[in-house]
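Below: one structure, written as C-alpha cells.
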Amino acid sequence: MNEDTNRLIELRREKAQALREQGVNPFPTTVSVTHTTQQLLDLYGEKEAEAIEQIPDRFAIAGRVKGQRDFGNVIFLDIYDRTGRLQVLLSKKLIGPENFQTFKKMADIGDIYAFAGKLMKTRTGELSLAADELTLQCKSMRPLPEKFHGLVDVETRYRQRYLDLIMNPDVVDVFRTRSEIIRLMRVFFSERDFLEVETPMMHPIAGGATARPFVTHHNTLDMDLFLRIAPELYLKRLIVGGLERVFEVNRNFRNEGISTQHNPEFTMLEFYWAYATYEQLMELTEELCCFLAHSLFGKLSFVYQEREIDFARPWKRLRMADAVAEYTDLSVEDLKDAATLKAFCKKHGLEIVGEPTPGKLMVLIFEELVESKLIQPTFIYHFPTEVSPLARRNDENPEVVDRFELYINGNEIANAFNELADPDDQRGRFVAQVEAKKAGDEEAHEYDADYIRALEYGLPPTAGEGIGIDRLVMLLTNSASIRDVILFPQMRKEQS
RNA sequence: AGAUCUGUAGCUCAAUCGGUAGAGCAGCGGACUCUUAAUCCGUUGGUUGGGGGUUCGAGUCCCCCCAGGUCUACCA
C-alpha cells in the first residue's frame with residue numbers, strides 16, 4: 001500500500017495535529033530524565049512493597065511505549081529505553097481525568113514519552129513507576145510490527161535496521177557485543193604499546209591485497225582514486241617512519257560478490273609489529289582471541305551454529321603442504337609436481353586457469369578441499385611465495401614465505417606474515433604482479449613506486465596481520481550471516 | 001554471474017484440483033482500577049511485488065521484470 005495513503009499513518013497525523021491544536025508539540029525538545037529503567041530495577045527491583053512505598057523521591061524515565069494494557073481507569077505501559085524495560089502505571093487518579101483522556105485518545109504504541117512519579121510495586125510484585133506526570137517526547141507516525149511475532153522479514157530487517165533494533169532485542173545484543181569486541185581490541189593493543197592510527201581510505205593505487213577495487217574520482221585533482229582494499233602499505237610506511245607498533249580498525253572496500261561471508265565494505269583490524277616474527281603473531285592472535293572469548297563468555301569455548309568451538313591454547317599449526325597432505329591422498333612430494341597436481345585437480349573437478357605453478361595448484365587444492373575442514377582454530381603457514389607478493393621469504397626455503405592464515409569453522413579469520421623488507425625483492429614481486437595483471441589477472445597488485453622508495457629507507461624486521469572483524473564477530477555472536485553483524489549491509493535499491 | 005526458493009492487510013501467517021481473498025495482532029468504537037501477547041463485545045482495512053499471457057474464471061498455471069533468502073562462483 002502506498003505509504004502516503006496508509007490510513008494508519010493518516011490517523012496518527014491527525015492525532016499529532018489535534019495535539020498541536022491543544023498546545024502540545026508532538027516533537028518537542030526534551031525534558032530531564034533522572035534514571036534509566038535498568039538503574040531503577042537495579043536499585044529497587046528487589047525491595048519489598050512496603051520499602052518502596054517509603055521512598056519519597058520522584059523518578060523520571062523516558063522511552064518508547066511498546067506495550068499497553070488498558071483497564072479503563074488505569075493503564076499499564078511497557079516503556080523501553082536503551083537499558084531495558086520498566087512498567088509504568090498511568091491512572092486517572094494520579095494524572096487527572098483530562099491528561100488521562102488525552103493520553104487515551106492521542107497515544108499510540110511506538111510513541112516516545114517521559115514519565116515522572118513515585119515508584120510502586122504492583123499486586124504481582126513488579127516494580128513500576130506510578131506516573132503523576134507525563135510528557136510526549138515524540139509522536140510516532142508509523143505503526144510498529146506486531147507485538148508477539150515482531151519483525152521477521154529479513155529484507156525489512158536489513159533495510160530498516162532501526163525497526164529491527166526496536167523490535168528485536170537479540171539484534172541489539174549482537175551489536176553491543178560487536179562494539180565490546182572492538183573496544184576490547186583497542187584495550188588489548190593499547191596495553192601492548194600499539195598506536196592506533198588512521199590511514200587513507202582513498203588510494204591512488206589499490207594495493208595491499210588481491211581484490212577488485214571501487215573506483216571514484218576527485219574533481220579538483222581530476223584524478224581517479226580507489227577505495228582502499230587494504231591499509232597494509234600505508235601501515236608499513238608508518239613502521240618505516242619509526243612508529244614500530246601500529247594498528248588500525250577500519251573499513252576495507254572490495255568490489256566482489258556478496259554472500260553470507262562477504263559484504264562490499266567490511267571491517268578489518270590490521271596491526272604491524274616491528275622486531276617481531278609471525279610466530280609471535282600466532283601467540284598474539286591466540287592471546288587476543290582468548291582475551292575476547294574470556295571477556296565475553298568467561299571461558300574459552302562457545303557454540304557456533306550448533307558446533308563447539310574451543311579456543312584453548314595452543315592452537316593447531318600446520319604447514320600448508322602438510323595440511324594438504326593430511327586432508328587429501330596427496331603426499332608432500334606430490335605437491336612439488338605440477339603434473340601430479342593437475343591430474344589431481346582434474347579428478348576432483350577443480351578448474352585450472354592458465355599454466356599455474358605447483359604452489360598455486362597447492363593453494364587451489366587447499367582452498368577447495370581443506371579449508372572447510374578446519375573447524376577448530378588452525379594456523380596454516382608457509383604459503384607459496386608467488387601468492388604472497390608482500391611477504392618475506394622463508395630463510396630455509398625461498399619457495400615459501402613466512403606467512404600464516406588462521407582458520408576457524410572453515411573460514412579465514414586472519415592473514416599474517418613477516419614483512420618483506422628488501423626493496424629489490426619487493427620491486428621484483430611487483431613486476432611479476434604487473435605482468436600477471438597484463439596477462440589478465442584483474443586482482444594482481446599494481447606497482448607502487450613510493451612504497452618501494454619507503455622500503456629503500458629501511459623497514460625494520462616486522463610482522464603484520466589482518467583480522468576480519470566481521471567474521472570474528474559472527475563467530476562470537478553465533479551469527480550465520482555477515483549481514484547480521486553489519487548494521488546496514490549492502491542492498492540493492494529499494495523499489496519506489 | 002548461475003541454480004533454487006520466497007513475495008497475500010501496518011505486522012505474523014492461511015487460502016484444498018484454477019472457482020466469492022481469510023485469521024490473529026495492531027487500528028477504530030465500546031466495557032473494565034493490578035495487567036504482562038490483559039480480557040470481553042462490535043468493527044474498518046486488499047491493484048495478492050510489477051507487467052503481460054492462457055482460461056468462462058488466476059493469489060494459484062505460463063513468460064518477462066523487480067526485490068529478498070540460501071547454495072555455487074569471485075573473494076576476506
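Below, chain A is the first sequence line, B the second, and so on; all start at residue 1.
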Could you work out the separation of [N] and [M] based on their [atom1] atoms and round it to a whole Å?
N      : M      : atom1 : value
B:rG24 : B:rC61 : C1'   : 31 Å
B:rG57 : B:rG46 : P     : 25 Å
B:rA31 : B:rC13 : P     : 35 Å
B:rU48 : B:rC11 : P     : 16 Å
B:rG59 : B:rC40 : P     : 34 Å
B:rU16 : B:rG22 : P     : 13 Å
B:rG2  : B:rU39 : P     : 50 Å
B:rG42 : B:rU47 : P     : 27 Å

Options [options], nucleotide nearest the side-chain atoms of [X]:
X        : options                : answer
A:Glu146 : B:rA76, B:rC25, B:rA37 : B:rC25
A:Gln87  : B:rU35, B:rC28, B:rU12 : B:rU35
A:Phe76  : B:rU35, B:rG27, B:rU12 : B:rU35
A:Ile482 : B:rU36, B:rA76, B:rC28 : B:rA76
A:Phe148 : B:rA37, B:rA73, B:rA76 : B:rA37
A:Arg471 : B:rG24, B:rA76, B:rC32 : B:rA76
A:Lys105 : B:rA76, B:rG30, B:rU33 : B:rG30

Practice problem: Report the residue (A:Thr260 or A:Leu364) whose heavy-atom-nearest nucleotide on RNA chain B is the more 5′ of the two. | Solution: A:Thr260
Quiz item: Does A:Glu351 or A:Arg492 map to a spot on RNA chain B nearer the 5' end, using the closest nucleotide for each?
Solution: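 Closer to the 5' end of RNA chain B: A:Arg492.
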At 4.0 Å (heavy atoms only), tell me whether [X] reaches a base, stays on the sugar-phosphate, or touches nothing.
X        : value
A:Gly150 : sugar-phosphate
A:Glu368 : sugar-phosphate
A:Gly257 : base
A:Asp153 : sugar-phosphate

Quiz prompt | N-O pairing of A:Glu248 and A:Lys236 below 4.0 Å | solution =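 No, no charged N to carboxylate O under 4.0 Å.
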Exercise. State which residue, out of A:Lys147, A:Gln68, A:Arg85, fulfils the side chain to side chain donor-acceptor pair (under 3.5 Å) condition with A:Asp78.
Key: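 Answer to the side chain to side chain donor-acceptor pair (under 3.5 Å) test with A:Asp78 among A:Lys147, A:Gln68, A:Arg85: A:Arg85.
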Exercise. Please work out whether the ring planes of A:Phe311 and A:Phe302 are parallel, tilted or perpendicular, with thresholds of 30° and 60°.
Key: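 Geometry flag for A:Phe302 against A:Phe311: perpendicular rings.
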Quiz item: Given that both distances must come in under 3.5 Å, which nucleotide forms a Watson-Crick or G-U wobble pair with B:rC25?
Solution: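 In the structure as shown, B:rC25 has B:rG10 as its Watson-Crick or wobble partner.
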Quiz item: Is there a Watson-Crick or G-U wobble partner for B:rC71 with both distances under 3.5 Å, and if so, which one is it?
Solution: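 By the stated definition (distances under 3.5 Å), B:rG2 pairs with B:rC71.
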Quiz item: Is there a donor on the side chain of A:Arg85 or the base of B:rU36 sitting less than 3.5 Å from an acceptor on the other?
Solution: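 A donor-acceptor contact between them is present.
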Quiz item: Checking only heavy atoms, does the side chain of A:Thr122 share a donor-acceptor pair with the base of B:rU35 at less than 3.5 Å?
Solution: yes
Is the phosphate of [N], meaning OP1 or OP2, less than 4.0 Å from a side-chain N or O of [X]?
X        : N      : value
A:Arg7   : B:rC28 : no
A:Thr156 : B:rA67 : no
A:Lys15  : B:rG27 : no
A:Arg69  : B:rA38 : yes
A:Lys147 : B:rA26 : yes
A:Arg483 : B:rG69 : yes

Rounded to the nearest Å, what distance is computed from the [atom1] atom of residue [X] to the [atom2] atom of nucleotide [N]?
X        : N      : atom1 : atom2 : value
A:Leu90  : B:rU35 : CG    : P     : 17 Å
A:Gln68  : B:rU39 : CD    : C1'   : 14 Å
A:Asn263 : B:rG69 : CG    : P     : 11 Å
A:Ile9   : B:rC28 : CD1   : C1'   : 16 Å
A:Asn6   : B:rG46 : CG    : P     : 11 Å
A:Ile166 : B:rA26 : CD1   : P     : 18 Å
A:Met167 : B:rA26 : CE    : C1'   : 10 Å
A:Leu163 : B:rC11 : CG    : C1'   : 9 Å

Quiz prompt | Ring-base stacking, A:Phe71 with B:rC32 (5.5 Å, 30° cut-offs) | solution =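 The base of B:rC32 is not stacked with A:Phe71 (the test needs centres under 5.5 Å and planes under 30°).
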Exercise. Taking the side chain as every heavy atom from C-beta outward, state whether A:Asp448 and A:His203 have any atom pair closer than 4.5 Å.
Key: no
Practice problem: Apply salt bridge (charged side-chain N to carboxylate O under 4.0 Å, His left out) to A:Glu180 and A:Arg183, showing your working. | Solution: CA-CA 5 Å; A:Glu180 177 65 3; A:Arg183 189 189 71 80; 2.9 Å; yes
Exercise. Ignoring hydrogens and angles, state whether a donor on the side chain of A:Arg237 or A:Thr199 is under 3.5 Å from an acceptor on the partner side chain.
Key: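 No donor-acceptor contact under 3.5 Å links the two side chains.
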Quiz item: Just checking, is any N or O donor in the side chain of A:Thr267 or A:Arg178 under 3.5 Å from an acceptor N or O on the other one?
Solution: yes
Practice problem: Test salt bridge (charged side-chain N to carboxylate O under 4.0 Å, His left out) on A:Arg186 and A:Glu196 and set out the steps. | Solution: CA-CA 8 Å; A:Arg186 290 198 159 102; A:Glu196 182 167 8; 2.7 Å; yes
Exercise. Please confirm whether A:Lys373 makes a cation-pi placement over A:Tyr327, using NZ or CZ under 6.0 Å from the six-membered ring centre and within 45° of the ring normal.
Key: no
Quiz item: Going by a 90° cut-off around 0, is B:rC61 syn or anti?
Solution: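 This nucleotide is in anti.
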